[in-house]
Protein chains: 2
Amino acid sequence: MAETTPDLLPLETVLHIRDTCLCLAAQRAARRLARRFDTVLRPFGLTNGQFSLMVALNQPEPPPMGRLAPFLAMDPSTLTAAVKPLARRGLLVVEPDPQDRRSRRLRITPDGVALMRQAAEVWRVAHAEIDAALPPEVPDALRIGLGQVAALPVSAA
Amino acid sequence: MAETTPDLLPLETVLHIRDTCLCLAAQRAARRLARRFDTVLRPFGLTNGQFSLMVALNQPEPPPMGRLAPFLAMDPSTLTAAVKPLARRGLLVVEPDPQDRRSRRLRITPDGVALMRQAAEVWRVAHAEIDAALPPEVPDALRIGLGQVAALPVSAA
DNA sequence: GTCGTTTACTTTGATATCAAACTAACATGG
DNA sequence: CCATGTTAGTTTGATATCAAAGTAAACGAC
């Protein structure tokens, strides 16, 4: 009787991690939501992340990248990369800040606004479907909890 | 007085999306958690996603990729790519299933088990820190809510 | 048996993600 | 001034992510 399987971690450890790890739970839920929004936004050539970024640009003053990255909880270099396809399509323009030439502000263009008007409507429909598919108390509970997780410090106290 | 800003979306629309979009909230929280676990797992050369995958391999029967992808809510092609660096390091081996040669099972190696024994301990510490940093009712509420989101169908009903 | 269909996975091409190292510009102490 | 330190973004290299198209094997109807 050949030994084909190496020793494993204790089963209880594995089940404990699988059932309690918030990182895994968040990744799974985030992927599922991302795929749903990617699907409905595909007619506009936008991904869920591009949509969220474009929403954040709807401010009277074009926000500098240094404010957007923390808001989206993403690395500055990720934002640099994310801007490129949107700028290439003319949905936003990158403007150096005259007051501080290190800083770059992202300004949504009229084309970007026009696209987002339509995209916001399909967002509304898709989000209503998700809200309706969850038990009524879940969406708000998630907003509160996810907000507190996003507000956690990057490293341990 | 030059017009420098194009028309924007209605402010109330933007604020509504920003404050209620579960997709954005999940992405932000997932990124924050991912970065924290990436940090503590870095000494082992593992990312949070690699850790979750390796945890899932601790089964008496090596699971086929076709079961792992849905469990992790990821695309099969993403799993194919994720396996490569782990196989290259000898932490797992890919075994064609003799019963169905289309199917491939992922078997954790003794090296993989040894690494995961250590990694599981830092996971425990890091996760306890996160639990402690959140209001006491939040972690369980998130587990429930995130589980229900992950269980949503990929496309709308 | 064999042809069409379905299933399991891979490949390709594009974007997403971050760490580390880098550049440019501001800021400040001397 | 200017030398030093800090801040804002970018680049590079690696992995992560998915859609679309492709390959190979199993299945099912006939």
Side-chain angles (χ1 to χ4, degrees), chain A residues 23-24 26-28 30-43 45-53 63-70 72-89 91 94-106 154-155, chain B residues 23-24 26-28 30-43 45-53 63-70 72-89 91 94-106 154-155:
Chain A
C23 188
L24 173 56
Q27 296 291 338
R28 292 203 291 179
R31 286 192 200 107
R32 188 71 77 207
L33 290 172
R35 203 179 306 186
R36 287 186 68 130
F37 281 98
D38 285 349
T39 299
V40 300
L41 292 170
R42 190 163 316 133
L46 292 175
T47 64
N48 74 93
Q50 291 173 333
F51 175 81
S52 295
L53 174 54
M65 296 177 65
R67 261 217 313 273
L68 289 168
L72 299 167
M74 65 169 52
D75 192 88
S77 61
T78 303
L79 184 55
T80 295
V83 161
K84 290 182 181 175
L86 298 172
R88 204 186 306 142
R89 290 174 59 191
L91 302 178
V94 181
E95 300 183 344
D97 187 326
Q99 254 58 57
D100 181 348
R101 280 175 302 167
R102 294 170 301 180
S103 179
R104 290 164 174 249
R105 293 175 179 272
L106 302 185
V154 173
S155 55
Chain B
C23 188
L24 172 56
Q27 297 290 339
R28 291 203 292 178
R31 286 192 200 108
R32 187 71 78 206
L33 290 172
R35 203 178 307 185
R36 286 186 70 129
F37 280 98
D38 285 350
T39 299
V40 300
L41 292 170
R42 192 164 313 135
L46 292 175
T47 63
N48 74 93
Q50 292 173 333
F51 175 81
S52 296
L53 174 55
M65 294 177 66
R67 258 214 320 270
L68 289 169
L72 299 167
M74 65 169 53
D75 193 85
S77 61
T78 303
L79 185 55
T80 295
V83 161
K84 289 181 180 175
L86 298 172
R88 203 185 306 142
R89 289 174 60 191
L91 302 178
V94 182
E95 299 182 345
D97 186 326
Q99 253 59 56
D100 181 346
R101 278 174 304 168
R102 294 170 302 180
S103 180
R104 289 164 174 250
R105 292 176 178 271
L106 302 185
V154 173
S155 53

Pick out the pairs of N or O atoms, protein on one side and nucleotides 3-8 of chain C on the other, that lie under 3.5 Å.
residue, atom, partner, partner atom, Å
C/dT7, O2, B/Arg102, NH1, 2.9

In whole angstrom, what separates A/Gln99's CD from C/dA27's C1'?
16 Å
Report the residues that fulfil side chain to side chain contact (heavy atoms under 4.5 Å, CB included) with A/Arg101, sequence neighbours left out, ordered by chain and then residue number.
none
Protein N or O to nucleotides 12-15 of chain D N or O, pairs below 3.5 Å:
residue, atom, partner, partner atom, Å
D/dT15, OP1, B/Arg88, NH1, 3.1

Can you confirm whether B/Leu46 sits close enough to B/Leu91 that some side-chain heavy atom of one is under 4.5 Å from a side-chain heavy atom of the other?
yes
Short side-chain N/O contact to C/dC18 OP1/OP2 from B/Arg35, under 4.0 Å:
yes
Nearest-Å distance, CZ (B/Phe37) to P (C/dC18)?
16 Å
At less than 4.0 Å, is any side-chain N or O atom of B/Thr80 found next to OP1 or OP2 of C/dT10? Yes or no.
yes
Rounded to the nearest Å, what distance is computed from the CG atom of residue A/Asp75 to the P atom of nucleotide C/dA21?
14 Å
D/dC18 P sits how many Å from A/Arg42 CZ, rounded?
12 Å
Tell me the interatomic distance from A/Leu72, atom CG, to C/dC18, atom C1', rounded to whole angstroms.
15 Å
Could I get the full list of side-chain hydrogen bond (donor to acceptor under 3.5 Å, both in side chains) partners for A/Arg105, not counting sequence neighbours?
A/Asp97
Measure CE/A/Met74 against P/D/dA16 and give the value in whole Å, please.
18 Å
Sorted by chain and residue number, the side-chain hydrogen bond (donor to acceptor under 3.5 Å, both in side chains) partners of B/Arg102 (sequence neighbours excluded) come out as B/Asp100
Between C/dT17 (P) and B/Arg36 (CZ): distance, integer Å
20 Å
Decide yes or no for B/Val154 and A/Arg36: does some side-chain heavy atom of the first lie under 4.5 Å from some side-chain heavy atom of the second?
no
If you pin A/Asp97 and A/Thr78 to their nearest nucleotides in DNA chain C, which one's is more 5'?
A/Thr78
Would you mind telling me which residue lines up with the more 5' stretch of DNA chain D, A/Asp38 or A/Arg105, judged by nearest nucleotide?
A/Arg105
Could you list the donor-acceptor pairs under 3.5 angstrom formed between side-chain atoms of residues 76-88 of chain B and any protein atom two or more places apart in sequence or on another chain?
residue, atom, partner, partner atom, Å
B/Ser77, OG, B/Asp75, OD2, 2.5
B/Thr80, OG1, B/Pro76, O, 3.3

Side-chain N or O of A/Arg101 closer than 4.0 Å to phosphate OP1/OP2 of D/dA8
no
Gap separating the CZ atom of A/Arg35 from the CG atom of A/Leu33, nearest 0.5 angstrom
11.5 Å
When rounded to the nearest 0.5 angstrom, what is the spacing between CD in A/Gln27 and OG in B/Ser52?
7.5 Å
May I ask you to evaluate whether A/Lys84 reaches the phosphate of D/dG9, defined as a side-chain N or O under 4.0 Å from OP1 or OP2?
no
How about B/Leu68 and B/Leu53: do any of their side-chain heavy atoms sit closer than 4.5 Å?
yes
Gap between atoms CG and C1', on B/Leu33 and C/dT17 respectively (whole Å):
15 Å
Out of C/dT17, C/dT10, D/dA19, minimum distance to the side chain of B/Arg31 belongs to C/dT17
Suppose we screen for side chain to side chain contact (heavy atoms under 4.5 Å, CB included). Which residues come up paired with B/Arg67, at least two apart in sequence or across chains?
B/Gln59, B/Pro63, B/Pro64
